[in-house]
> 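I'd like to ask you about the structure that follows.
Order of listing sets the numbers, starting from 1, for every ligand and every atom in it. For the single chain, residues carry numbers from 1 onward in sequence order.
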Amino acid sequence: MGFRKDFLWGGAIAAHQAEGGWNKGGKGVSIADVMTAGANGVARRITDGVLPGENYPNHEAIDFYGHYKEDIALFAKMGFKCFRTSIAWTRIFPNGDENKPNEEGLKFYDDLFDECLKYGIEPVVTLSHFEMPYALVKNYGGFRNRQCIDFFVRFAEVCFRRYKDKVKYWMTFNEINNQAKCQDDFEPFTNSGLIYQEGEDREALMYQAAHYELVASAKAVQLGHRINPQFQIGCMIAMTPVYPYSCDPKDMMMSVDAMHKYFWFTDVHVRGYYPSYMMKFFERKGYHLDMTDEDLQELKQGTVDYIGFSYYMSFATHYSGTNPEFEFDYKKDLIKNQYVEASDWGWQIDPIGLRYSLNWFYDHYQLPMFIVENGFGAIDQLEEDGSINDQYRIDYLRAHIEAMKAAVDIDGVDLMGYTPWGCIDIVSAGTGEMKKRYGFIYVDKDNEGHGTLQRKKKKSFDWYQQVINSNGENL
Ligand code: BGP
């Protein structure tokens, strides 16, 4: 009973939300560097490529670029078995289309992975985490352009070859399915680098870009397995289950279509082909995607080894009476779930939903799973004595780990690891704010960029240390 002996306990961050050093070591401008910060939950927006000014949140983030040794030593104190981060594409290919990689960027990640391995911490690496080179967006249109497939595969190959003896666990595109939830405006949540022009069919473009990303992922997976057959390469899905609001069969069908629309990407990553309902959907909508036989061959041969996914919240949907085909539209068919609480940012807190999600994935795919993001973003307050009493974060994580344990012990799912998001306070991807904190470690920096960057353990630091030490027994 309980989690496997080699369960990968750890924590997760992403380069653009933590490193800073946006223009150090030969790094180019990434899409995350040209984002304004939203405020109070408002999502960030592209700024027509205005170069970072002093107030850009990713400008210096928490300077993980300069503090990584200190931070990894703290992760080791918590007993991390693994540590998830991304390789900033623009440290390796500053503009994305160069033929030769930037050696200084490669060296930085050599040093970072060596520091992890020094403590017996396995790096878990995401290749694309909302930080594609802005030059690929500006000069090629991002993943609306088939050429970006080869740019991504070139980036993946350089990383696989360089770190083949240091990194075993990889993922290709972070939350690749997020574009299915926000194609209305460009948001950092998509890896596609799509900036929509006036009058474009955004949905059609989103599906075309998603196809090219999926082909890029499949090619990278095949290449990775050739470079090191020991590699474990996963997809990365944002898992937000969508429940039917009632037992009305119409609500149930809305939930079925919502789950289809949000998670068809997993079918392609895992089974190697598009599910029939998506082919029917493209036909109905008249979307004639650029999808060649060679692409379909690549998808079939480039299936992933595990399902990485993030889990923060669940949704609910109801039949609004306007579409007899029960076609789900995320812009109008979601409804607040009255049976769960929400965070300050409206994220519905649902630990049982994590057990449901583990079962849903395992029932569909029978592949090992890796929860590579889970966490509670909150405005942490410093007490008089300077301590941070984030009991709410402990309660949130404890409830989700209990759900994981039930899924393993009762439902028999195959769960390989757990890396709570933002194991150290970092910049919010959605809003660009520092005040939305997730960490076991507090970082002295505010939304305006002021602060000493001093690191400080929160109450949850010692709690998580004994969770890991007991392999999840002591919660
Ligand atoms: C996920 C992203 C992460 C992280 C997380 C929390 O969608 O993969 O990069 O940001 O969301 O979101 P936020 O930072 O907006 O609170």
Side-chain angles (χ1 to χ4, degrees), residues 10-19 30-33 35-45 57-58 61-62 64 83-89 124-132 171-182 185 187-192 213 234-241 262-263 265 307-315 330 342-349 354 357 370-380 390 392-393 396-397 400 418-440 443 445 447:
I13 64 171
H16 75 91
Q17 295 172 255
E19 289 178 3
S30 85
I31 195 79
D33 293 325
M35 287 286 185
T36 55
N40 302 321
V42 174
R44 295 195 279 184
R45 288 288 177 275
N58 299 85
I62 61 163
F64 182 68
F83 167 58
R84 178 193 175 213
T85 189
S86 60
I87 290 177
W89 191 339
V124 176
V125 175
T126 317
L127 288 167
S128 174
H129 195 132
F130 307 155
E131 50 205 353
M132 82 185 293
M171 280 167 280
T172 52
F173 287 91
N174 183 69
E175 296 194 330
I176 192 170
N177 61 321
N178 254 328
Q179 46 249 46
K181 310 178 186 179
C182 55
D185 297 292
E187 294 183 345
F189 272 42
T190 69
N191 296 283
S192 52
E213 287 171 58
C235 59
M236 201 303 203
I237 300 292
M239 185 44 162
T240 54
Y262 279 0
F263 306 112
F265 301 76
I307 297 172
F309 69 93
S310 61
Y311 180 84
Y312 293 94
M313 65 191 112
S314 62
F315 293 135
Y330 78 95
S343 75
D344 292 348
W345 278 265
W347 291 17
Q348 294 183 138
I349 300 162
L354 177 53
S357 300
F370 199 155
I371 300 168
V372 291
E373 290 184 28
N374 174 241
F376 186 70
I379 301 173
D380 297 341
D390 60 336
Y392 41 82
R393 182 163 295 112
Y396 177 98
L397 293 172
H400 285 77
Y418 178 64
T419 53
W421 176 255
C423 47
I424 182 170
D425 290 348
I426 52 179
V427 176
S428 154
T431 65
E433 296 179 295
M434 265 308 293
K435 74 177 186 182
K436 186 177 187 186
R437 298 174 184 276
Y438 286 86
F440 300 110
V443 176
K445 177 171 181 178
N447 271 11

> Between Ser86 and Glu19, which heavy-atom pair has the shortest distance, and what is it?
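So the minimum-distance heavy-atom pair works out to O-OE2, 4.1 Å.
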> Quick one: does Trp345 get a heavy atom under 4.0 Å from ligand 1?
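Flag not set, Trp345 not near ligand 1.
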> I'd like to check which ligand 1 atoms, numbered from 1 as shown, lie under 4.0 Å from a non-hydrogen atom of His129.
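Heavy-atom distances to His129 below 4.0 Å select 3 (C), 8 (O), 9 (O).
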> Do Ser128 and Asn191 have a side chain donor and acceptor closer than 3.5 Å?
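The answer is yes; a qualifying pair exists.
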> Would you mind listing which atoms of ligand 1 come within a distance below 4.0 Å of any non-hydrogen atom of Tyr438?
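Here the atoms of ligand 1 in question are 6 (C), 12 (O), 13 (P), 16 (O).
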> Look at the aromatic rings of Phe315 and Tyr262 and report parallel, tilted or perpendicular, splitting at 30° and 60°.
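Phe315 vs Tyr262 ring planes: perpendicular.
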> Can you check whether Glu175 has an N/O within less than 3.5 Å of an N/O in ligand 1?
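It does: an N or O of Glu175 is found under 3.5 Å from an N or O of ligand 1.
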> Quick one: which of Phe376, Tyr312, Trp347 has a heavy atom closest to atom 12 (O) of ligand 1?
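Considering heavy atoms of Phe376, Tyr312, Trp347, the nearest to atom 12 (O) of ligand 1 sits in Trp347.
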> From the options Ser343, Gly375, Ser310, Ala429, select the one whose nearest heavy atom is closest to atom 10 (O) of ligand 1.
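Nearest heavy atom to atom 10 (O) of ligand 1 lies in Ala429.
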> Could you name the option among Glu373, Glu131, Met236 that has the heavy atom nearest to atom 2 (C) of ligand 1?
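Closest candidate by heavy-atom distance is Glu373.
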> If you measure every N or O of Ala14 against every N or O of ligand 1, does any of those distances drop under 3.5 Å?
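It does not: no N or O of Ala14 is found under 3.5 Å from an N or O of ligand 1.
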> Just jot down the ring-ring contact (aromatic ring centres under 6.0 Å, His included) partners of Tyr312, sequence neighbours excluded, or say none.
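So Tyr312 forms a ring-ring contact (aromatic ring centres under 6.0 Å, His included) with Trp347.
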> Who passes side-chain contact (heavy atoms from CB on, under 4.5 Å) against Ala12, sequence neighbours left out?
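Checked Ala12 against side-chain contact (heavy atoms from CB on, under 4.5 Å); matches are Arg84, Thr419, Trp421.
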> Specify side chain, backbone, both or neither for Ser428, according to which of its non-hydrogen atoms lie closer than 4.0 Å to ligand 1.
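For Ser428, backbone and side-chain atoms both sit under 4.0 Å from ligand 1.
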> Does the pair Asp390/Arg437 count as a salt bridge with the N-to-O cut at 4.0 Å?
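Between Arg437 and Asp390 there is no salt bridge, as every charged N stays at least 4.0 Å from the carboxylate O atoms.
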> For residues Ala429 and Gln17, report the shortest heavy-atom separation together with the two atoms involved.
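Closest pair (atom of Ala429, atom of Gln17, distance): N-NE2, 3.1 Å.
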